[in-house]
Every structure is written in C-alpha cells, then in structure tokens.
Amino acid sequence: MSVYVGHAAEAEAFPRAAETLVADTQLRRNVRHATDVIRRKRARVVDEVPDWEALRETGHAIKQHTLAHLDRYLEEFERNCTKAGGRVHWARDADEANRIIVDLIRATGESEVIKVKTMTSDEIRLNEALEAAGITPFETDLADLIVQLGEDKPSHIVVPALHRNRMEIREIFRRKMKLEHLGDKPEDLAAAARVYLREKFLSVPVAISGANFLVAETGSVVVVESEGNGRMCVSLPRVLISLVGIEKVVPRFEDLEVFLQLLPRSATGERMNPYNSIWTGVTPGDGPREFHVVLLDNGRTNVLRDDEASETLDCIRCGACLNACPVYRQTGGHAYGSVYGGPIGAILTPQLQAMQHSQSLPYASSLCGACYEVCPVKINIPEILVHLRAKAVEQGYEPWQERAAMKAASIALASGSRLEAAQKLARAMQWPFEHDGKLEHLPGMLASWTEFRDLDAVPGQSFREWWAERG
Amino acid sequence: MTIDLFITCYNDTLFPDTGKAVVAVLERLGHRVAFRREQSCCGQMHYNTGYQSEAFPLLRNFVRTFADAEVICAPSSSCVAMIRDHFPKMAAASGDEKLVERVEEIVPRVFEFSEMLVDRLGVTDLGAYYPHTVTLHPSCHGLRSLGLGNKPRQLLERVRGLRLIELPEAEQCCGFGGTFAIKNADVSAAMLADKMRCVLNTGAEVCTATDNSCLMHIKGALSRMRTGVKCAHLAEILAASA
C-alpha cells in the first residue's frame with residue numbers, strides 16, 4: 001500500500017508555508033473577497049430553509065449509517081452498476097487507481113482525455129500518471145482549467161482557482177490560448193474558455209469524472225455542477241471513467257433528496273445546482289458506450305477504524321468550512337500542502353496519509369468552531385482536530401521544549417498551592433523583560449507572542465492574594 | 001445564595017481586577033461569594049494542544065475542589081466550554097465510574113459570568129455607570145460552544161452612560177486560540193490585524209468580551225500599536241458605578 005494525498009508528503013509544514021502566503025497581498029485580497037461573497041450567499045439560502053437543522057441531522061445520520069455498513073452498500077452499488085452495464089474496479093491506493101485508469105485508456109487506443117470535477121484525481125496525482133503514460137489530460141471545469149493552464153495547484157475544494165482574480169486569469173488565458181487581445185471581463189474569459197473547451201468536448205472520446213454521490217440501490221452516479229461542462233464530459237465521449245472515493249456512496253435514491261439540498265446551499269449558495277447529472281450504467285444509443293467506476297480506498301478504511309475521527313468521511317466536499325474558516329481566510333488553500341485545504345483538509349490529510357507528513361495540520365486552527373457551525377453534515381471538526389493533536393503528541397511529533405513545558409505546567413497547576421508558588425516565581429522571573437508594566441520581548445517559545453503583541457506584566461498581587469488579604 | 005467563584009488560573013495570575021469585579025457585582029446583588037484556595041486550572045491549554053493526560057490531573061483537582069459547591073461562576077467562556085464540552089468525555093475515557101458521576105453532577109452547576117447573571121439570577125440591570133463608548137467582541141467559545149447569544153449585550157445595554165457600538169465582522173475569531181497564537185504566530189497575527197481594524201473602525205474607547213484570553217490577545221496588538229484603545233472584561237464594566 002502506498003497512500004499519498006497529492007504532494008502533501010513533500011509539503012512544507014503549515015506555519016512555514018503560511019508565513020509566505022500571509023505576505024501575499026493579492027492572494028489575501030482574492031481569498032477574502034471570494035470567501036466573503038460565498039459566505040454571504042450561503043447564509044442567505046440557508047436561513048430561508050425552515051428545517052435546515054433537521055436536514056443537517058438527517059444528512060449526518062445517513063452518512064453515519066452508511067459508513068457503519070460501508071462494505072454492504074459498496075457491494076450493492078457494484079451489483080447494480082454492473083447490472084446496468086457499468087464496470088466497477090476496486091483500487092486499494094493511489095498507484096493502483098492510476099494503473100487501472102491508465103490501462104483502461106490504453107485499451108481505447110486514445111492518447112487524450114477530458115476531465116471534470118475530480119479533486120480525487122488530484123489526490124492520487126492522476127495527471128502525472130497519465131502524462132508519464134503518454135496520455136494528455138485536459139481539465140474542463142473552468143476553475144480546474146485555470147489551475148492547469150496556470151501550472152498552479154488547486155486552493156479550494158469547490159472553487160479551485162479561488163485564489164486568482166480575473167486579471168490574473170486573463171493573463172493565463174492570453175499566454176496559454178495565445179489570445180493577444182483578450183479582455184478581462186467575466187464574459188470575455190468565459191467565451192475564451194468556451195471556444196477552447198468545445199473543441200475538446202467534440203474531439204476527445206474518453207472522459208474522466210469524479211462523483212458527488214453513488215447510489216447503492218440503483219447503481220447510479222451523481223455529479224452536480226454549475227457550468228454544464230461536466231454534463232458534456234459525462235455524456236459526449238465514447239468512454240467514461242468515474243473515479244470515486246468509497247465514502248461517496250449513499251444507500252437509497254431518496255437520500256439524494258437530503259444531500260441535493262444540503263450540498264448546493266452550502267457549497268455555492270445556490271438553492272439547486274444548475275446541472276445535476278445522474279446516470280446509471282450505459283444506455284444504447286445515448287451517452288457513453290463504455291462506463292467504468294473506479295472505487296478508491298487510499299487510506300479511507302484506516303480513517304473508518306478510528307471511532308473518534310471516522311465522521312471525517314461524512315464530508316460531502318461542499319467547502320463551507322473553508323469559506324467560514326478565519327485561518328483559511330488569511331492563507332488560502334496552498335498553505336495546507338494538500339488538495340484538501342481548510343478545516344476539512346486539516347483533519348482529512350493527516351488521517352489519510354501518515355501523520356508524519358502532515359502533523360502540523362491539526363494545529364492550523366484556533367478552534368473557533370466556525371467550521372462545525374456551517375458543516376452540512378455536522379462533522380465536529382474542532383473535536384477531531386484536538387483528537388489528532390493528541391495523536392501527534394502521542395507519536396512524539398511536537399518539539400521537546402513544548403512537551404517539557406506542558407509537563408511542568410501540568411505539575412504546577414495541579415493544586416492551588418502549587419499555582420500560588422508558580423505565580424510568585426513568574427513575578428520574580430519577569431523583571432529582565434518588564435518595561436513600564438509591559439513585556440515586549442520574551443524569550444524562547446514565547447518570543448513569537450511578543451513578535452506581534454505586547455503582554456501585560458504579571459501584576460504584583462494575584463487574585464488569591466487579594467482575597468486572602470481581604471479576609 | 002453562596003456562589004463559588006472559579007476565577008481560572010490566568011485570571012487569577014494576570015487579571016485579578018476581573019475577579020474583584022465579579023465579586024463586587026455578585027455581592028452588590030446580595031449574594032455571598034466563596035473562593036476555594038485549592039482551585040487552579042481547567043486544563044484547557046493542555047487538552048486543546050493534545051496533552052490529554054497532562055490535562056487530567058487538573059480535571060481531578062477541579063472536581064475535588066468544587067465537589068460540594070452549589071453554584072460555580074467562572075468569568076471565562078472558554079474555560080466553561082472546556083468543562084462543559086470536554087470534562088464528561090475525559091472522565092468517561094478514564095474509566096473511573098465515580099469520577100464520571102461526579103463530573104455529571106458538577107457540570108450543570110457551572111455558569112459563565114453572563115449566564116450566571118441573566119439565566120441563573122435573572123438580572124440584567126446591575127446599576128452600573130460607565131460613561132464610555134464600548135464595542136463587544138463575542139468570543140468564539142461564548143458564541144459557539146456556550147451559545148451566549150445576546151446575554152452580554154443585554155447586560156451592557158443597561159449600563160448608564162455606556163454607548164455600545166456594533167463591532168463589524170464580530171463573529172470572526174481574533175486569532176488567539178491558546179497555543180495557536182504561538183505555534184502559528186503569523187496567521188494568528190494576520191487574524192488579529194483584521195480584528196484590530198474592525199475594533200479601531202468602531203472608534204470605541206473600550207473593547208470588551210466575556211473572556212480575558214481574547215482580550216489579552218486583542219489588547220496585545222492595541223497596546224503594541226499604541227492605539228490608546230483599552231480592553232476590559234465585561235465584569236469590570238458591570239462593576240463600575242458612580
């Protein structure tokens with residue numbers, strides 16, 4: 001097994017990556033603007049649903065039930081998809097999934113593929129595997145296209161080019177599409193992308209898609225999107241391959257009633273997605289002649305094993321937690337070093353692949369709880385972050401100075417009399433750093449506090465001393 | 001009624017004035033305040049940083065100290081959230097049945113200061129006089145874990161002379177997050193810069209909250225930039241009188 005999540009294993013630790021990104025004026029402006037717009041839209045369409053809380057509860061319950069019986073529902077999906085003329089492939093890890101997909105494409109004799117709506121393919125680094133096999137992938141989701149042409153990385157799970165504004169996008173299109181006089185208005189950019197993509201839709205006979213849901217009961221695959229490019233991808237080519245994480249299955253068709261309300265409202269602030277494509281196997285004379293589903297594990301069953309964190313797999317990839325997160329707001333998605341950024345990425349990435357490559361991610365949160373508040377399937381992200389922090393400590397990833405300080409503090413705070421002694425000690429030790437009642441430069445780990453903020457000096461009398469004196 | 005004060009370790013050490021203000025307010029209402037010297041810390045810093053086993057002795061000390069207290073009041077929303085959200089889970093994880101029971105008994109008796117006043121004692125007018133412009137930072141734990149809603153605001157609105165100015169983007173975290181401020185200092189500072197901008201845009205003289213940890217962070221930057229804006233815990237405003 002070789003479980004990896006994009007390039008997360010080689011990524012810088014979050015605090016280091018973030019240090020560079022918070023200094024990027026344009027990026028911060030773009031991220032702030034985009035997340036503010038989506039957050040406002042989301043709030044509007046969520047507030048108008050009278051039973052939103054009940055919907056969240058139901059979504060959570062369906063997901064929890066499905067995960068508890070995941071084997072059964074996946075096999076049911078396989079049976080029904082196969083019956084309808086699809087073929088189901090099982091991939092234990094990223095390499096296996098890549099091999100399956102490359103082989104399927106080779107069997108068609110084609111050397112080009114169009115792709116749409118598949119963050120999971122970035123997780124397994126599919127494009128690299130395709131290129132190594134001499135197959136050229138073309139992204140057809142507008143944002144993915146911007147990322148691909150810009151030789152960039154996605155920074156958001158729903159809006160992968162969220163960190164780019166239209167002037168930057170114009171520059172990318174102008175260079176890569178060789179359009180000397182391209183304007184920077186949204187309609188100019190959309191028109192350029194349309195011309196570029198239409199040609200691919202009509203000429204490339206193999207497509208790779210992701211999926212938002214699999215329906216066990218019917219063997220159907222569901223993709224929701226805003227552009228219609230996905231609809232063309234899943235209906236025009238001769239061969240369609242859908243790459244899907246095993247957690248995407250839902251038991252019944254009517255479960256979609258819940259998720260197709262929760263997802264668009266949470267993701268893009270729309271009541272319904274403009275395009276909802278649901279297909280079942282193959283239909284003679286209509287759509288792809290050949291249809292494959294690649295079911296990907298890549299660490300997911302490991303997540304399932306941990307009772308305290310398995311609800312991470314409830315995620316329906318709406319991105320609401322990213323838009324709500326005050327940390328993401330400052331850094332964008334690249335700081336997380338993974339295709340999955342923001343709060344959900346901070347819990348998903350370190351669980352999928354070994355903690356050692358991503359132990360800084362569970363700490364990339366102030367635990368403010370904004371993510372939990374907006375999550376449409378009620379994943380208690382702050383609690384899982386804390387659980388993963390405990391794992392990081394247990395596995396010895398945190399610096400020894402911190403571990404020593406925490407142990408010492410635990411002893412010093414274990415009783416009132418010890419606290420009193422510690423207070424006296426703190427007062428006695430602060431004089432070299434005190435200036436006019438303020439501490440402006442502290443040593444060691446505390447230096448990163450005083451780098452940006454003052455700290456009031458420990459006052460001459462603690463509350464407990466005042467209380468004792470008061471009698 | 002006798003109200004036991006859980007001052008919390010950082011208020012005890014760094015913000016004794018908040019404790020004095022809580023005592024003043026509760027005594028003004030005719031209650032007796034008790035302070036048990038064996039109290040110390042709720043273990044939030046340890047727990048949230050991933051040091052669960054180091055947090056555990058602190059939970060034990062809390063339970064031992066306050067076992068027979070009738071009502072416990074703490075002027076810190078994040079410490080109350082720690083007790084309410086995590087103590088039952090920690091006790092359960094320890095496998096100590098007796099402890100689970102004692103935690104179950106004690107948790108419903110713990111109130112954050114504004115909850116104590118509005119919910120438990122049913123008062124919003126403390127007869128306070130504070131002739132200043134004030135803006136309120138809701139504090140994430142107060143807002144989302146405790147669901148304090150408009151309780152702090154109700155209390156502030158009844159203070160004579162006080163003009164409350166709406167804080168823009170109030171629900172955004174200030175970037176403190178305990179050890180987050182140390183471990184992710186750059187992002188924390190970026191979040192703080194946003195919060196500062198909002199606080200300064202109100203033109204208020206004072207920024208208040210139900211939690212001195214947020215205020216310590218916000219004040220750290222207000223002071224570093226010599227803005228002249230000060231921070232005061234809600235209790236200190238309610239204790240002020242002519």
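By convention in this document, chain letters (A, B, ...) are assigned in the order of the sequence lines, proteins followed by strands, and residues within each chain are numbered from 1. The basis for the numbers below is simple: all heavy atoms, side chains too, and nothing from hydrogens, waters or symmetry mates.
In this structure, NE2 on B:H86 lies 6.0 Å from CD on A:E383, to the nearest 0.5 angstrom. Atom OG of B:S188 is separated from atom CD of A:Q330 by 10.0 Å, given to the nearest 0.5 angstrom. The CZ atom of A:F14 sits 5.5 Å away from atom CG of B:N184, with the distance rounded to the nearest 0.5 Å.
Among B:N11, B:V33, B:T18, the residue making the largest number of heavy-atom pairs under 4.5 Å with chain A is B:V33. Contact count versus chain B (heavy atoms, under 4.5 Å) is highest, among A:A412, A:S365, A:S417, A:A426, for A:S365. Across B:Q52, B:Q39, B:K183, the residue that shares the most heavy-atom pairs under 4.5 angstrom with chain A is B:K183. With respect to chain A, the highest number of heavy-atom pairs below 4.5 Å among B:S223, B:G43, B:G178, B:S78 belongs to B:S223. Ranked by non-hydrogen atom pairs under 4.5 Å with chain B, the options A:M406, A:R28, A:E440 are led by A:M406. Ranked by heavy-atom pairs under 4.5 Å with chain B, the list A:A370, A:G369, A:P382 is led by A:A370. By number of non-hydrogen pairs under 4.5 angstrom with chain A, the leading residue of B:G177, B:A185, B:G220 is B:G220.
Heavy atoms closer than 4.5 Å to chain A are found in the side chain of B:V23, but not in its backbone. For A:T450, the parts sitting under 4.5 Å from any heavy atom of chain B are the backbone and the side chain alike. Proximity to chain A (any heavy atom under 4.5 Å) is shown, for B:H217, by both the backbone and the side chain. Contact of A:S415 with chain B is made through backbone and side chain together, with heavy-atom distances under 4.5 Å. Residue contact with chain B, scored on non-hydrogen atoms closer than 4.5 Å, is absent for A:I411. Contact of B:L192 with chain A is made through the side chain alone, with heavy-atom distances under 4.5 Å. Contacts of B:I218 with chain A are absent, with no heavy-atom separation under 4.5 Å from either backbone or side chain. At a 4.5 Å heavy-atom cutoff, the contact between B:D194 and chain A is made by side-chain atoms alone. Of the two parts of B:I7, only the side chain, counted from C-beta on, holds a non-hydrogen atom closer than 4.5 Å to a non-hydrogen atom of chain A. At a 4.5 Å heavy-atom cutoff, A:R418 makes no contact with chain B through either its backbone or its side chain. Only the side chain of B:T179 comes within less than 4.5 Å of a heavy atom of chain A; its backbone N, CA, C and O stay farther away. When heavy atoms are compared at a cutoff of 4.5 Å, A:E420 approaches chain B solely by way of its side chain, counted from C-beta outward. Proximity to chain A (any heavy atom under 4.5 Å) is shown, for B:F56, by neither the backbone nor the side chain. Interface remark: A:W449 contributes backbone and side-chain atoms alike to the contact with chain B (heavy atom separation under 4.5 Å). For A:V458, the parts lying under 4.5 angstrom from a heavy atom of chain B are both the backbone and the side chain. Contacts of A:R16 with chain B are absent, with no heavy-atom separation under 4.5 Å from either backbone or side chain. With a threshold of 4.5 angstrom between heavy atoms, A:L413 approaches chain B through its backbone and through its side chain.
No side-chain heavy atom of A:K407 sits under 4.5 Å from any side-chain heavy atom of B:Y51. A:K438 places none of its side-chain heavy atoms less than 4.5 Å from the side chain of B:R224. Side-chain contact between A:L367 and B:F180 is absent, with no heavy atoms from C-beta onward closer than 4.5 Å.
The heavy-atom pair separating B:M45 from A:A409 by the smallest distance is CE-CB, 4.2 Å. Of all heavy-atom pairs spanning A:A468 and B:R37, the tightest one is CB-NH1, 3.4 Å. Closest approach of B:A189 and A:R453 over heavy atoms only: N-NH2, 4.0 Å. The two atoms that bring B:P16 and A:Q461 nearest to each other are CG-O, 3.4 Å, heavy atoms only. Heavy atoms only, all atoms of each residue included: B:S40 and A:G416 are closest at CB-N, 4.3 Å. When all heavy atoms are compared, the tightest approach of B:R144 to A:E373 is NE-OE1, 3.1 Å.
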- prompt: Can you check salt bridge (Lys or Arg N to Asp or Glu O under 4.0 Å) on A:R470 and B:E27, steps first, answer last?
  reply: CA-CA 14 Å; A:R470 189 176 180 240; B:E27 287 182 345; 2.6 Å; yes
message: Let's go through A:D456 and B:K219 carefully: what are the C-alpha distance in whole Å and the side-chain angles of both, what is the deciding distance for side chain to side chain contact (heavy atoms under 4.5 Å, CB included) to 0.1 Å, and is it a yes or a no?
response: CA-CA 9 Å; A:D456 281 351; B:K219 186 186 175 186; 2.6 Å; yes
task: Check the pair B:R226, A:D454 against side chain to side chain contact (heavy atoms under 4.5 Å, CB included), reporting the backbone distance first and the verdict last.
output: CA-CA 10 Å; B:R226 310 298 194 258; A:D454 291 342; 3.3 Å; yes
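Not a single donor-acceptor pair under 3.5 Å links the side chain of A:S366 to the backbone N or O of B:G175. With hydrogens and angles disregarded, a donor-acceptor distance shorter than 3.5 Å links the side chain of B:D12 to the backbone of A:R464. Counting only distance, with no hydrogens or angles, the side chain of B:D186 and the backbone of A:A18 share no donor-acceptor pair below 3.5 Å.
Screening B:C173, B:C174, B:S145 for a side-chain contact (heavy atoms from CB on, under 4.5 Å) with A:C368, the sole residue that qualifies is B:C173.
Aromatic ring pairs are classed by plane angle as parallel below 30°, tilted from 30° to 60° and perpendicular above 60°; the pair B:F35 and A:F463 is perpendicular.
The existence of a salt bridge linking A:E469 and B:K20 is excluded, since no basic side-chain nitrogen approaches an acidic carboxylate oxygen closer than 4.0 Å.
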